[in-house]
Amino acid sequence: MELQRLPGFRDFYPDDRAWLNYIFDCWRKTATSFGFSEYDGPTLEASDLYRKKSGEELKTQLFRFVDQGDRDVCLRPEMTPTLARLVAAREREFKKPIKWFSIASFFRFEKPQKGRLREFFQVNCDLIGDNSVAADAELISLAVQMLRDFGLTGQDFYVRLNDRRLWSEFLKRRKIDLSRTTEFLNIIDKLEREEKDRTAQKLGTFGLTLDDIQEFLRTPGEQLPGFEDLFRELQWRGVAEYCQLDLTVVRGLDYYSGIVFELFDRGKENRAIAGGGRYDQLISVISDGAVDLTAAGFAIGDVVLRNLLEELNHARAIAQERMTGRGLRGYMVIAAESHRPEAIKLATRLRSAGISIDFPLEPAKVGKQFQAAESLGARYAIVIGQEWPEVRLKDLRKRAETAVPEAELESALKSEN
RNA sequence: GUGGUCGUAGCUCAAUGGUAGAGCCCUGGAUUGUGGUUCCAGCUGUUGCGGGUUCGAGUCCCGUCGGCCACCCCA
């Protein structure tokens, strides 16, 4: 019996790692283009960091243990508390608004299934110290752009947008105890999935009926000042058409205080690709009131995203193209072993110039070497033979071969085509 | 945590309860300086693991560990 991989964890063989790199590169490029700076934090955090902001149920989903120093620690299940800690600790060093992103791995002890594993990666983008609707719009716009950069379109995904304050107002107006907000939002969250009877029964404990809710759902968000401003901001950014108001989107986390949104794929699966919102009180809570900064952010996970990119033909084609573009530039075919020393010196020089080069470590037949070049995905074969110092440069895609003096090889390999 | 379903070669899968196979991949070769095709040969298994029924179990039964899916939960 061989050693097994832990359930919910993945190996990343080169093909898988290429996918991950492609996704990371895309995330990083887009976040940077919006003026966000990359940061990171530790993978392991004190358990208290997560207890401060959440309920008791959390602990079954944490990778939690006591270290050799008798500290109660957790593998991070999300980035936001770490971010809040970082910002709270050195808040005055950074000009506002703080626009940061990170690409990191997270751990949750859950039952693995489609789109949900025990270790996964997320890009987290947060905008801190600005509570304008422009900040909200900026984040939504960034989330949309991040998906568009993978070749996804409005045909593939859309944004479900809501503001929790709409429900807060709703509760206030009906004189319902606001301390039960979380309980209430949980019912709203399940509105589409749970049986109507069950929902009605739960609502009954609030003195509400299903009709009360349905009626409120039909009335758009003009009841909250600022929502029109938000949509105007979204329009300026060209992302309003991706968004639709959906009051049933509330998101599970307690700490969301304003807008919340999720990006869904339009396929029948309808899974959330990304989610986020405004959490104006969290930094204050984490820092025990020392620092009070408004904030909003979102995260995109790698698992659902990759599933989706592989399912959609156009997105998969783009991914394949961008991933193979980074292959080997030249494979050196050493046809004359007597020139191996020169060949290796040449390869070393080309590599120093940033050109990816490989060659056989031991003598091999020329045919074999060409096969190797082919299977390694090399763009060019460089044949080192008796003609040295002249070499033969063969374009493996075009199947065309030319003679090139070795001194000119570098520029020949660098020229685009 | 609950339920369904599936575990056979590295991968994808065959095998009415009766001697475990194919394709792909990989390795080597096809008169020694040219690759996506082709041909030949070779390699690989405690049929996930442990019990049970049977003359005989990959096949039937129980347990267990995994995978997938749904529920729960979702940061």
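The analysis underlying the following values was restricted to heavy atoms, covering all of them including side chains, and did not include hydrogens, waters or symmetry mates. Chain A is the first sequence line, chain B the second, and so forth, proteins listed ahead of strands; every chain is numbered from 1.
- Atom CG in A:Asp16 sits roughly 14 Å away from atom P in B:C11 (whole-Å rounding).
- Considering only residues two or more places apart in sequence or on other chains, A:Arg17 meets the salt bridge (Lys or Arg N to Asp or Glu O under 4.0 Å) condition with none of them.
- Remark: side-chain polar atoms of A:Arg351 are paired, donor with acceptor, to backbone N or O of A:Ile357 under 3.5 angstrom.
- By the 4.0 Å N-to-carboxylate-O rule, A:Asp302 lies too far from A:Arg306 to be salt-bridged with it.
- B:C60 and B:G18 have their C1' atoms separated by 15 Å, given to the nearest Å.
- Paired regions of RNA chain B, where each region holds three or more successive Watson-Crick or G-U pairs whose two hydrogen-bonding distances fall under 3.5 Å, are B:1-7 with B:65-71, B:10-13 with B:21-24, B:26-30 with B:38-42, B:48-52 with B:60-64.
- Aromatic ring pairs are classed by plane angle as parallel below 30°, tilted from 30° to 60° and perpendicular above 60°; the pair A:Phe206 and A:Phe184 is perpendicular.
- Using a 4.0 Å heavy-atom criterion, one finds that A:Gly115 contacts no nucleic acid atom at all.
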Write down the protein N/O and nucleotide N/O pairs, taken from nucleotides 23-27 of chain B, whose separation is under 3.5 Å; answer none if there are no such pairs.
none

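- Here B:C74 presents its C1' atom at 16 Å from OH of A:Tyr50, a figure rounded to the nearest Å.
- Relative to the six-membered ring of A:Phe109, A:Arg118 meets both conditions, a distance below 6.0 Å and an angle of at most 45° to the axis.
- With salt bridges taken as basic N to acidic carboxylate O contacts below 4.0 Å, one links A:Glu169 and A:Lys172.
- Comparing A:Phe9 and A:Arg251 along RNA chain B, the residue whose closest nucleotide (by nearest heavy atom) sits nearer the 5' end is A:Phe9.
- A distance of about 12 Å separates the P atoms of B:C61 and B:G17, rounded to the whole Å.
- With both ends at atom C1', the span from B:C24 to B:A9 equals 12 Å, rounded to whole Å.
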Give me, pair by pair, the N or O atoms of the protein and of nucleotides 28-31 of chain B that are less than 3.5 Å apart, along with how far apart they are.
residue	atom	partner	partner atom	Å
B:A30	OP2	A:Lys365	NZ	3.0

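- Between the CZ atom of A:Phe109 and the P atom of B:C74 there is a distance of 18 Å, given to the nearest Å.
- A:Asn186 comes within 4.0 angstrom of sugar-phosphate atoms only, judged by non-hydrogen atoms across all strands, and of no base.
- Counting non-hydrogen atoms under 4.0 angstrom, A:Val383 reaches a base of the nucleic acid.
- Taking every side-chain heavy atom of A:Pro7 into account, B:G66 is the closest of B:C73, B:G33, B:G66.
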At a cut-off of 3.5 Å, list every protein nitrogen or oxygen paired with a nitrogen or oxygen from nucleotides 1-7 of chain B, distance to 0.1 Å.
none

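- Following rounding to the nearest Å, A:Lys394 (NZ) and B:G35 (P) show an atom-to-atom distance of 7 Å.
- Between A:Arg76 and A:Gly41, the closest heavy-atom pair is NH1-O, 3.0 Å.
- One donor-acceptor pair, N or O on each side, does fall under 3.5 Å between the base of B:G33 and the side chain of A:Glu387.
- For A:Lys190, counting side-chain heavy atoms from C-beta on, the closest listed nucleotide (B:U34, B:C73, B:G35) is B:C73.
- Atom name C1', nucleotides B:U16 and B:U12: the rounded distance is 24 Å, in whole Å.
- Remark: the separation of the P atoms in B:G10 and B:U5 is 28 Å, to the nearest Å.
- Using atom C1' as the reference point in both B:U59 and B:G21, the two lie 15 Å apart (nearest Å).
- A donor-acceptor pair is defined here as one N or O able to donate and one able to accept, closer than 3.5 Å; no such pair exists between the side chain of A:Asp149 and the backbone of A:Met146.
- The P atoms of B:G1 and B:A20 are separated by 39 Å, rounded to the nearest whole Å.
- Atom P of nucleotide B:C74 and atom CZ of A:Phe63 are separated by 18 Å, given to the nearest angstrom.
- For residues 282-320 of chain A, there are no ring pair (Phe, Tyr, Trp, His ring centres under 6.0 Å) pairs, not counting sequence neighbours.
- Inter-residue side-chain proximity for A:Phe157 and A:Tyr242 is flagged as met; some heavy-atom pair is nearer than 4.5 Å.
- To the nearest angstrom, C1' of B:C11 lies 12 Å from OH of A:Tyr13.
- Within the 4.5 Å cutoff, the side chain of A:Met332 has heavy atoms near those of the A:Leu350 side chain.
- The two residues A:Arg28 and A:Thr32 come nearest to each other via the heavy atoms O-OG1, 2.6 Å.
- Here B:A70 presents its P atom at 14 Å from CD of A:Glu110, a figure rounded to the nearest Å.
- Electrostatic pairing of A:Glu401 and A:Arg392 counts as a salt bridge here, judged by a charged N lying under 4.0 Å from a carboxylate O.
- Straight-line distance from the CD atom of A:Gln369 to the C1' atom of B:U32: 13 Å, rounded to whole Å.
- Ion pairing between A:Asp72 and A:Arg64 holds under the 4.0 Å rule for side-chain N and carboxylate O.
- Under the 4.5 Å side-chain criterion, counting only non-hydrogen atoms from C-beta, A:Ile355 is not in contact with A:Arg349.
- Across the C1' atoms, B:A15 and B:U47 are found 11 Å apart, a figure rounded to whole Å.
- At a cut-off of 3.5 angstrom, counting only N and O atoms as typed in the model, there is no donor on one side facing an acceptor on the other between the side-chain of A:Arg397 and the base of B:G35.
- For A:Asp11 (side chain) and A:Tyr13 (main-chain N/O), no donor-acceptor pair under 3.5 Å exists by modelled atom type.
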